[in-house]
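To find a chain, count down the sequence lines: A is the first, B the second, and so on, and within it residues start at 1. Note that the coordinates shown come from a computational prediction; the quantities given were computed from them, not determined experimentally.
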2 protein chains.
Amino acid sequence: MSEEFSPRAQRLRDAGHKLTHARLTVLSVLEESGGHVTSAEVLEQVNERDSTIGRASVFRTLDLLTALSIIRPTFIHTSLTPTYVLLPDGHHHHIICTNCNRVIEFEECGLGAMAAELEQRLHVKLSGHLLEFYGLCDRCC
Amino acid sequence: MSEEFSPRAQRLRDAGHKLTHARLTVLSVLEESGGHVTSAEVLEQVNERDSTIGRASVFRTLDLLTALSIIRPTFIHTSLTPTYVLLPDGHHHHIICTNCNRVIEFEECGLGAMAAELEQRLHVKLSGHLLEFYGLCDRCC
DNA sequence: CACGCAGTTGATACAATATCTCAAAATCAG
DNA sequence: CTGATTTTGAGATATTGTATCAACTGCGTG
Ligand SMILES: [Zn+2]
Ligand SMILES: [Zn+2]
Ligand SMILES: [Zn+2]
Ligand SMILES: [Zn+2]
């Protein structure tokens, strides 16, 4: 009986990567976070669960998950630390307040048609997208 | 007779900021770059034009321009350096190849209606957006 | 279920990148 | 021009990510 892995872990394996303890730990931290976590927060959470996992592996895993379009780094406020979001169905959408840096997520998106058109016209194969609006939130208007 | 400034410089002034030499230099570097420049590239270009401008001011200006939705940092490959793009009419769109990290820009976007709907429903005031697709480019398919 | 190899790891030193501090300078309204 | 205020620049410092490489591990094979 083969062990059960999360769908995202399966995607890692299907892409030819090993399901190591370090990778599974990083992935579970990301999955249990509310989204928009910085690398420092991921490092801290990973360390809480298993302090033997090295920093380098955490960064390597974040890069790997990014390459597989499982997560995506975005810049909210400082240019120094990106925050990572999961791309649950391949996409993610939010509004960033340019005054208070609050992030408002929203779900709906009608970008399927645009993606299909781009794929055909530019001969690319798209696996996800991120849509960010900037402006002032209701508190800052 | 008042000096002429670029529309983006005017936006800075209108928002209550001074049009200093450092800020105008950073802005002109960004405007003359092709877009997708890293902070290191901006620093280098600024330094070429006026080596007396300090690093701190360049970073401060990048943050300020970001807050005003004049530019936007995005993450292309390494997690270490964001690249900045101008938001010419408030928006920018590109496709990032998750294999070779090539960036393909495209112009068309039908997000005006979505922006209007979000403004009304969430009581926000939007000033721009960034749309990123991820996938494989034509060379990597 | 042991074997073995390629992929992966972790410790540490290192590199790259951004922020802080504060006296001095520059902007710009009046 | 003058003065109130914002902004600057140098460099030390903090933060964040990478390189190196011997040791280890996942996992296919038999
Ligand atoms: Zn706000
Ligand atoms: Zn979407
Ligand atoms: Zn490519
Ligand atoms: Zn657009």
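Across the protein-nucleic acid pair, B/R13 atom CZ and C/dA26 atom C1' stand 14 Å apart, rounded to whole Å. Summarising the geometry, the separation between CG on B/D63 and C1' on D/dT7 is reported as 15 Å, rounded to the nearest angstrom. A straight line from CZ of B/F59 to P of C/dT21 spans 17 Å, rounded to a whole angstrom. Distance A/L64 CG to C/dG7 P: 14 Å, rounded to the nearest Å. The CG atom of B/D50 sits 18 Å away from the P atom of D/dT7 (whole-angstrom rounding). Rounding to whole angstrom units, NE2 of residue A/H21 and C1' of C/dG10 are separated by 13 Å. One interatomic measurement links the two molecules: CG of A/L19 to P of C/dT8, which rounds to 10 Å at whole-angstrom precision. Rounding to whole angstrom units, CD1 of residue A/I53 and C1' of C/dT12 are separated by 18 Å.
B/V58 is listed as a side-chain neighbour of B/I53, based on a closest heavy-atom distance under 4.5 Å.
Between the side chains of B/T38 and B/T83, not a single donor N or O lies within less than 3.5 Å of an accepting N or O. Checked by atom type, the side-chain pair B/S57/B/R23 shows no donor-acceptor distance below 3.5 Å. For the 3.5 Å distance criterion, the side chains of B/E132 and B/H94 qualify, holding a donor opposite an acceptor.
Under the 3.5 Å distance criterion, the side-chain polar atoms of B/H93 are matched with a main-chain donor or acceptor of B/F106.
Ring-plane geometry between B/H36 and B/H92 is classed as perpendicular, the angle between the planes exceeding 60 degrees on a 0 to 90 degree scale with a lower cut at 30. Ring planes of B/H129 and B/H91: perpendicular class, angle over 60° (limits at 30 and 60°).
Which of C/dG10, D/dG17, C/dT8 sits closest to the side chain of A/A56 comes down to C/dG10. Looking at the side chain of A/A22, the nearest of the listed nucleotides D/dT8, D/dT25, C/dT9 is C/dT9. Checking D/dG17, D/dG26, D/dT8 against every side-chain atom of B/T20, the shortest atom distance belongs to D/dT8. Counting only heavy atoms from C-beta on, A/R60 has its side chain closest to D/dT20 among D/dG26, C/dT27, D/dT20.
Put simply, A/H17 has a side-chain N or O that comes within less than 4.0 Å of OP1 or OP2 on C/dT8. A close approach under 4.0 Å does occur between a side-chain nitrogen or oxygen of A/S57 and OP1 or OP2 of C/dG10.
Both B/R55 and A/R55 sit near DNA chain C, but only A/R55 has its closest nucleotide nearer the 5' end.
Summary of helix geometry: the two end axes of the helix from C/dC1-D/dG30 to C/dG30-D/dC1, each defined by five base pairs via their C1' atoms, are inclined to each other by 60° (rounded to 10°).
The base of C/dA26 is not paired with the side chain of B/K18 by any donor and acceptor separated by under 3.5 Å.
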